[in-house]
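Every number for a ligand or one of its atoms is a count from 1 in the order of the listing. Residue numbers run from 1 in the order of the sequence given.
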Amino acid sequence: MELKRLLFYVILLFINLIIKVELRQAATDNVVLKSIKGQDGDVIDCVDIYHQPAFDHPLLRDHTIKMVPSYYPEGANDNFDPIIQIWQSKGECPEGTIPIRRTKHGAISIKKKSRNIIRLYFEGSAVSSDAVDEPRHEYAVTQSSTGNYYGAMSTISVWQPYVEGSGEFSLSQIWVAGGSGSNTNTIEVGWIVCPLLYGDNLTRLFIYWTSDNYQNTGCFDLQCSGFVQIDSSMAIGGAITTTNHPEIILLVWKDEDQDVWWLQYNGTVLGYWPTAIFTVLNDTSTLVEWGGEIINSNTNGIHTATDMGSGSFAQAGLGRASYFRNLLVVNDNNTLIPPPTDTFSWASNPTCYNITAGENGDWGNYFYYGGPGRNPNCP
Ligand SMILES: *[C@@H]1O[C@H](CO)[C@@H](O)[C@H](O)[C@H]1NC(C)=O
Ligand SMILES: *[C@@H]1O[C@H](CO)[C@@H](O)[C@H](O)[C@H]1NC(C)=O
Ligand SMILES: *[C@@H]1O[C@H](CO)[C@@H](O)[C@H](O)[C@H]1NC(C)=O
Ligand SMILES: *[C@@H]1O[C@H](CO)[C@@H](O)[C@H](O)[C@H]1NC(C)=O
Ligand SMILES: *[C@@H]1O[C@H](CO)[C@@H](O)[C@H](O)[C@H]1NC(C)=O
């Protein structure tokens, strides 16, 4: 009798469990039309474009999705080879869906950093209170901050830098920013190696944004609501191979008719940030930067050996050092032009990572940047 009852309860429990699993499956089936497991270990969910994370944002609940830019900046080009991501060899997402890289459960605490350091440099002081913070963010960048910018563009070489600490990253990106202090707004796009965020050391295409100086808004990739993706071929945060150090061509521009900032990757329009999520970039950008950033977790007072760029210093030059070329900004007349002549380059810790800028006919405004981190002059 007792055994029978026990058996009955066990069976009941099982049925209950099955129903629960089925229900959960049904809920995600509504929005996930297909899942693809890439050979790099990534799982890509093809999510109904109208049910993407962006629409959870309180200001985007009634947002009407934009499927094409109403205009491009003068001088823009989309005649580039589409980027191949590693997972794409295992399948593609159907039309009407967007590929979203599945993240492991649990919040990732890696944050970008308040950019006050930049402002201090801009104001002519090389000493920053950030120097005593740990972990410390270090930069080698070119910056332009003497105009109103409606976008930026560059061709960037792609590498796979060594990242030493699990809480560190090494990235190379364009910043399109505005505002100051706690009102700093940024749009950031480029490539990154970040073991904590992605669970491996592969090079990935990423995006980032904040509208309150990295405090309560914004995130990497599609980890929070804000960026609206329209492209069904590429996953934000997806890995690419870096053999032969390919270039990627990034363009961000403001579409004043649609009130959005568009993002184009090698000729593919990925999607946009609605200006509604910003408090300053709903207007224009006043600071554009191009370059590298790393985290130095600096344990026991020893500098990290995390690479920036290729891991070679700037003067190693073509084939050895990483570079940005054809630096351009979008001006008041919606035209891509070289940045103003008072644009300048700086490195926060030049014995560890440095930068050299130049200009020529083929490459326009360019720079080499990077370094190995820890070395005899950067102990
Ligand atoms: C981006 O386009 C350029 C120009 O067509 C091409 O050389 C490059 O390989 C492309 N990048 C990637 C990662 O495929
Ligand atoms: C990344 O590379 C480091 C150094 O080679 C290694 O110790 C670490 O295990 C790698 N991390 C992952 C997640 O593969
Ligand atoms: C941008 O947003 C802020 C804060 O919501 C607002 O005060 C400002 O007027 C807006 N500017 C433009 C140009 O819409
Ligand atoms: C924009 O175009 C107008 C008319 O062609 C010209 O007068 C003006 O100088 C241009 N402004 C900029 C910032 O290039
Ligand atoms: C970059 O650092 C290396 C190694 O310290 C040095 O040889 C080179 O002159 C530096 N270049 C610049 C532009 O600072």
Exercise. Output all residues satisfying side chain to side chain donor-acceptor pair (under 3.5 Å) with Ser182, sequence neighbours left out; order by chain, then residue number.
Key: none
Quiz item: Thr279 heavy atoms, cut-off 4.0 Å: which ligand 3 atoms fall inside?
Solution: 1 (C), 2 (O), 3 (C)
For [atom], which protein heavy atom lies nearest, and how many Å away is it?
atom	answer
atom 6 (C) of ligand 2	Asn201 ND2, 4.2 Å
atom 7 (O) of ligand 5	Gln315 NE2, 3.5 Å
atom 9 (O) of ligand 3	Asn282 ND2, 4.9 Å

Self-check item: Part of Ile355 with heavy atoms under 4.0 Å of ligand 5, whether side chain, backbone, both or neither
Solution: backbone
Practice problem: Output yes when the distance from some N or O of ligand 5 to some N or O of Asn354 is under 3.5 Å, and no in every other case. | Solution: yes
Practice problem: Answer yes or no for atom 14 (O) of ligand 2: protein heavy atom present at a distance under 4.0 Å? | Solution: yes
Self-check item: Heavy-atom protein contact below 4.0 Å for atom 11 (N) of ligand 2
Solution: yes
Quiz item: With ring centroids as reference points, do Trp261 and Tyr272 lie under 6.0 angstrom apart?
Solution: no
Quiz prompt | Nearest non-hydrogen partners of Gly317 and Tyr368, listed with the distance | solution = C-CE2, 3.6 Å
Exercise. Return the minimal non-hydrogen interatomic distance between Val228 and Pro274, and the atom names on each side.
Key: CG2-CG, 4.0 Å
Practice problem: Taking only heavy atoms of Gly199 into account, list the atoms of ligand 2 that are under 4.0 Å away from them. | Solution: 13 (C)
Quiz item: Against heavy atoms of Asp200, which atoms of ligand 2 measure under 4.0 Å?
Solution: 13 (C)
Quiz item: Between Tyr162 and ligand 2, is there a nitrogen or oxygen pair with a distance under 3.5 Å?
Solution: no
Quiz item: Roughly how far, to the nearest 0.5 Å, is the CD1 atom of Ile337 from the CG atom of Leu327?
Solution: 12.5 Å
Quiz prompt | Salt-bridge contact Asp42-Arg204 (side-chain N to carboxylate O under 4.0 Å) | solution = yes
Quiz prompt | Check: Thr306/Glu168 side-chain N/O donor and acceptor closer than 3.5 Å | solution = yes
Exercise. Without swapping roles, check the side chain of Arg325 against the backbone of Trp363 for a donor-acceptor pair under 3.5 Å.
Key: no
Quiz item: With no hydrogens and no angle check, is any side-chain donor or acceptor of Asn185 less than 3.5 Å from a backbone partner on Ser211?
Solution: yes
Quiz item: Contact between Thr356 and ligand 5, counting heavy atoms under 4.0 Å?
Solution: yes
Exercise. Flag Asp283 as yes when one of its N or O atoms lies below 3.5 Å from any N or O atom of ligand 3, and as no otherwise.
Key: no
